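Report on the following structure.
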Amino acid sequence: SCTMRFFPGPKKVRELLAEGVIGKPLSFTYHTGQYLPDWHPWESISDFYVSNRATGGCREIVPFELTWLNALFGDPEPLACVATRLGQLDADIDEIYQCLLRYPGGVLANLTIDVLSRPCATRSLRILGSEGQLVFDADESCVRYIRVGQTGWQRSELAGGSVEQGYINPEEPYIEELRLFIAALEQGDKSIFPNTLQEDARVLDLLTRLEALSDGLAQ
């Protein structure tokens with residue numbers, strides 16, 4: 001799965017970076033989070049996998065997000081990580097990951113992923129480039145950028161899509177992902193689908209290395 005790569009925000013970010021609108025990316029900060037009990041409001045977190053330490057909600061989201069970020073910037077080197085429980089949830093899981101990574105070309109990334117953000121979900125990306133800045137903000141439902149010499153931001157509004165009752169995400173990205181996956185199977189062409197098990201394995205290895213850095217700090 002690489003669902004985030006089919007969402008309008010990440011797709012627009014990828015397009016603008018490919019166009020070079022902010023020059024060479026130098027660093028970025030990314031924060032995403034959603035209060036874990038809000039994931040499935042119809043059931044307790046203790047009733048499904050998100051409350052298990054091995055499959056905790058926050059631990060799951062780290063590779064989920066890295067999958068699309070790495071598709072933009074490459075495979076990073078983990079520099080530092082704090083993964084910890086802050087005692088806000090009734091579950092023995094890490095509730096927040098704060099990570100520092102260095103991507104190819106020297107791009108520095110500060111990544112925060114949590115399952116504590118309330119009363120609304122959080123998703124915000126800011127990329128600093130040699131010629132400007134690019135921002136993806138889910139609250140504003142837009143991607144915007146500003147270049148050196150410009151007096152204002154250039155905005156691209158993002159389509160909301162079809163959201164099922166009681167849910168927060170549109171259905172279209174999931175449908176498009178499955179459409180391409182089925183097409184790859186039917187045509188026998190793996191290149192049609194933009195993710196592989198090998199890429200997933202690299203992301204999971206990165207998660208392991210980040211957690212090892214956090215464990216080292218705890219000792």
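Reckoned from all heavy atoms, side chains included, excluding hydrogens, waters and symmetry mates. Remember, predicted model here, so these are calculated numbers, not experimental data.
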Spacing of [X] atom [atom1] and [Y] atom [atom2] [to the nearest 0.5 Å]:
X: L66; Y: L101; atom1: CG; atom2: CG; result: 6.5 Å
X: Y97; Y: T84; atom1: OH; atom2: OG1; result: 10.0 Å
X: H31; Y: S124; atom1: NE2; atom2: OG; result: 9.0 Å
X: I182; Y: Q187; atom1: CD1; atom2: CD; result: 12.0 Å
X: R118; Y: D38; atom1: CZ; atom2: CG; result: 7.0 Å
X: N110; Y: L100; atom1: CG; atom2: CG; result: 6.0 Å

Please determine whether residues L111 and F64 belong to a single hydrophobic cluster, defined as Ile, Leu, Val, Met, Phe, Trp and Tyr linked transitively by side-chain heavy-atom distances below 4.5 Å.
yes
Hey, quick one: are I192 and W68 part of the same hydrophobic cluster, counting side-chain heavy atoms closer than 4.5 Å, chains of contacts allowed?
no
Checking the side chain of [X] only, and the main-chain atoms of [Y] only, is there a donor and an acceptor separated by less than 3.5 Å?
X: S162; Y: P170; result: no
X: E95; Y: Q88; result: yes
X: T208; Y: L204; result: yes
X: E186; Y: A183; result: no
X: R59; Y: I93; result: no
X: E164; Y: E171; result: no
X: S117; Y: D114; result: no
X: T32; Y: T122; result: yes
X: R147; Y: V21; result: yes
X: K24; Y: G105; result: yes

Within the structure provided, determine whether [X] and [Y] are in side-chain contact (heavy-atom separation under 4.5 Å).
X: K11; Y: R5; answer: no
X: N195; Y: S1; answer: no
X: C2; Y: F193; answer: yes
X: V115; Y: W39; answer: yes
X: T29; Y: T112; answer: no
X: V135; Y: W153; answer: yes
X: L108; Y: L79; answer: yes
X: F73; Y: L17; answer: yes

Ionic contact status for [Y] with [X], cut-off 4.0 Å:
X: E77; Y: R209; answer: yes
X: D94; Y: R85; answer: no
X: E157; Y: R155; answer: yes
X: R123; Y: E65; answer: yes

Could you walk me through whether L134 and V143 pass side chain to side chain contact (heavy atoms under 4.5 Å, CB included), step by step?
CA-CA 7 Å; L134 188 154; V143 174; 3.9 Å; yes
Test of ring centre spacing under 6.0 Å for F136 and Y30
no
Other residues, nucleotides, ligands: >12 heavy atoms within 6.0 Å of L197 CG
no
Look at atom CZ of R53 and say whether more than 12 heavy atoms of other residues, nucleotides or ligands are closer to it than 6.0 Å.
yes
Smallest separation among heavy atoms of [X] and [Y], with atom names:
X: P194; Y: E199; result: O-OE1, 4.2 Å
X: P37; Y: L89; result: CD-CD2, 3.8 Å
X: I61; Y: I113; result: CG2-CG2, 3.6 Å
X: V107; Y: P25; result: CG2-O, 3.3 Å
X: P78; Y: L210; result: CB-CD2, 3.5 Å
X: L128; Y: I22; result: C-CD1, 4.4 Å

Take Y174 and F6 through the ring pair (Phe, Tyr, Trp, His ring centres under 6.0 Å) test and state the conclusion after the steps.
CA-CA 8 Å; Y174 300 93; F6 296 92; 9.5 Å; no
Worked verdict on V163 versus N169 for side chain to side chain contact (heavy atoms under 4.5 Å, CB included)
CA-CA 6 Å; V163 180; N169 290 319; over 6 Å; no
H40 pairs by ring pair (Phe, Tyr, Trp, His ring centres under 6.0 Å) with which of Y35, Y49, F48?
F48
Begin from the C-alpha positions of L69 and F28 and carry the test side chain to side chain contact (heavy atoms under 4.5 Å, CB included) through to its verdict.
CA-CA 10 Å; L69 292 170; F28 70 86; 4.2 Å; yes
Q154 vs R144, test: side-chain hydrogen bond (donor to acceptor under 3.5 Å, both in side chains). Steps then yes/no.
CA-CA 5 Å; Q154 304 297 309; R144 53 188 170 89; over 6 Å; no
Under the rule for side chain to side chain donor-acceptor pair (under 3.5 Å), what residues qualify as partners of S46, not counting sequence neighbours?
S44
